[in-house]
Amino acid sequence: MQDDRVSRDPVQTDAPRPRLLLPRALLNRGILAALAFIGPVFGVLYVIVLPDGHWLAVVVAQLAAILLACAGAVGYFRSAIWIGPDSSLVTERGFFGQLSTFDKADAASILLAEVYTSDGSESRPQLVVLGANKRRLLRMRGQYWTREDMNVIVAALDVPVHSIPETVSMGELRNDYPHALYVLERRPLLVVLVAVGGTALTAAILILVLGFVNTFTS
């Protein structure tokens with residue numbers, strides 16, 4: 001969704017550019033899903049622990065879950081792409097707040113693809129802006145960005161557009177265009193290792209917090 005308001009440009013404060021914003025409908029669905037998960041789960045936990053008097057541990061865990069959800073919402077709200085016809089720069093603010101900027105002259109081509117979702121039931125568009133050395137300058141995935149937003153980028157960059165004629169899987173995209181993907185997408189085994197490590201770290205932190213809370217309340 002293009003926002004005609006030109007405020008909060010992180011780079012060109014003297015001549016701010018219009019920005020593209022993530023759809024608010026997707027955030028609303030995420031918030032509803034989070035509430036649907038947090039409510040019943042912690043409701044059951046309160047029923048289980050209240051007779052034993054260890055409710056404070058559940059309160060701490062619930063507050064942590066709420067803070068994580070709020071941080072995710074803030075990151076979603078702040079994500080944006082700044083691009084305008086009167087500026088040579090394109091700036092993206094990612095989900096974690098990181099800023100990346102490139103000059104339009106550095107763009108050499110645009111890759112457009114229709115990619116199947118993980119279950120293969122549907123497909124979503126993807127756009128990748130590549131430099132002369134095939135370096136990924138910008139990536140827009142259909143899970144978050146609309147086709148209209150991608151069309152804005154295509155129209156703003158005067159470079160050749162390569163459209164893959166058929167819908168492809170993520171595996172096919174990984175084999176044929178690895179330079180267009182993120183590191184974790186290029187190495188599926190690394191995703192498994194990160195997931196296992198993250199789960200173990202989260203469990204360790206929860207055990208430490210719960211141990212501290214139990215010591216404090218005993």
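Both backbone and side-chain heavy atoms feed into the values below; hydrogens, waters and symmetry mates do not. Computed from a prediction, not measured in an experiment: that's the story for all the values here.
Using a 4.5 Å heavy-atom threshold, the side chains of His162 and Tyr177 count as touching. Contact annotation: the side chain of Leu138 approaches that of Glu92 to within less than 4.5 Å [non-hydrogen atoms, C-beta and beyond]. Here the side chains of Arg135 and Leu130 are not in contact, with every heavy-atom distance at 4.5 Å or above. Taking 4.5 Å as the limit, some side-chain heavy atom of Ile164 sits within range of a side-chain heavy atom of Leu111. For the pair Phe96/Ser79, no side-chain contact is recorded, criterion being any heavy-atom separation below 4.5 Å from C-beta on.
Considering all non-hydrogen atoms of both residues, Leu157 and Lys104 come closest at CD2-CG, 3.6 Å. The shortest non-hydrogen separation linking Val115 to Ser169 is CG1-C, 4.1 Å. The minimum heavy-atom distance linking Ala108 with Pro160 is given by the pair O-CD, 3.3 Å. The minimum heavy-atom distance linking Gly84 with Pro18 is given by the pair CA-CD, 4.2 Å.
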Task: Residue pair Arg19, Ile83: steps toward the side-chain contact (heavy atoms from CB on, under 4.5 Å) verdict - done: CA-CA 6 Å; Arg19 14 168 221 171; Ile83 187 169; over 6 Å; no

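Separating the CG atom in Leu68 from the CG atom in Leu63 is a distance of 11.0 Å, to the nearest 0.5 Å. The structure places OH of Tyr116 at 13.5 Å from CG of Leu173, a figure rounded to the nearest 0.5 Å. For the atom pair Trp82 CH2 and Leu21 CG, the distance stands at 8.0 Å (nearest 0.5 Å). From Phe102, atom CZ reaches atom CG of Leu89 across 9.5 Å, with rounding to the nearest 0.5 Å. Atoms CG and CD, from Leu20 and Glu148 in turn, are 11.0 Å apart once rounded to the nearest 0.5 Å. Atom-to-atom distance recorded for Leu127:CG and Arg147:CZ is 11.5 Å, nearest 0.5 angstrom.
Residue Tyr144 places its OH atom among 12 or fewer non-hydrogen atoms of other residues, nucleotides or ligands, all under 6.0 Å distant. For CD of Glu166, the number of neighbouring non-hydrogen atoms (other residues, nucleotides, ligands) closer than 6.0 Å is 12 at most. Shown here is Asp158, whose CG atom has no more than 12 heavy atoms of other residues, nucleotides or ligands within 6.0 Å.
Under the 4.5 Å side-chain heavy-atom criterion for ILVMFWY residues, no single connected hydrophobic cluster contains both Met150 and Val128. Under the 4.5 Å side-chain contact rule for hydrophobic residues, Trp145 and Val161 share a cluster. Hydrophobic clustering (side-chain heavy atoms under 4.5 Å, transitive across Ile, Leu, Val, Met, Phe, Trp, Tyr) keeps Tyr76 apart from Ile66. Under the 4.5 Å side-chain contact rule for hydrophobic residues, Met140 and Val154 share a cluster.
Formation of a donor-acceptor pair under 3.5 Å by the Lys134 side chain with backbone atoms of Pro178 is not found in this model. Side-chain atoms of Arg93 come within 3.5 Å of backbone atoms of Arg78 as a donor-acceptor pair (strictly under, hydrogens ignored).
Donor-acceptor pairing under 3.5 Å is recorded for the side chains of Ser123 and Glu114. Side-chain atoms of Thr91 and Arg17 include a donor-acceptor pair closer than 3.5 Å.
When each of Arg141, Gln143, Arg139 is checked for a side chain to side chain donor-acceptor pair (under 3.5 Å) with Gln126, only Arg139 meets the rule. Under the side chain to side chain contact (heavy atoms under 4.5 Å, CB included) test applied with Val129, the options Leu137, Val159, Asp106, Val90 reduce to a single match, Leu137.
A salt bridge does not link Glu172 to Arg174: none of the charged side-chain nitrogens sits closer than 4.0 Å to a carboxylate oxygen.
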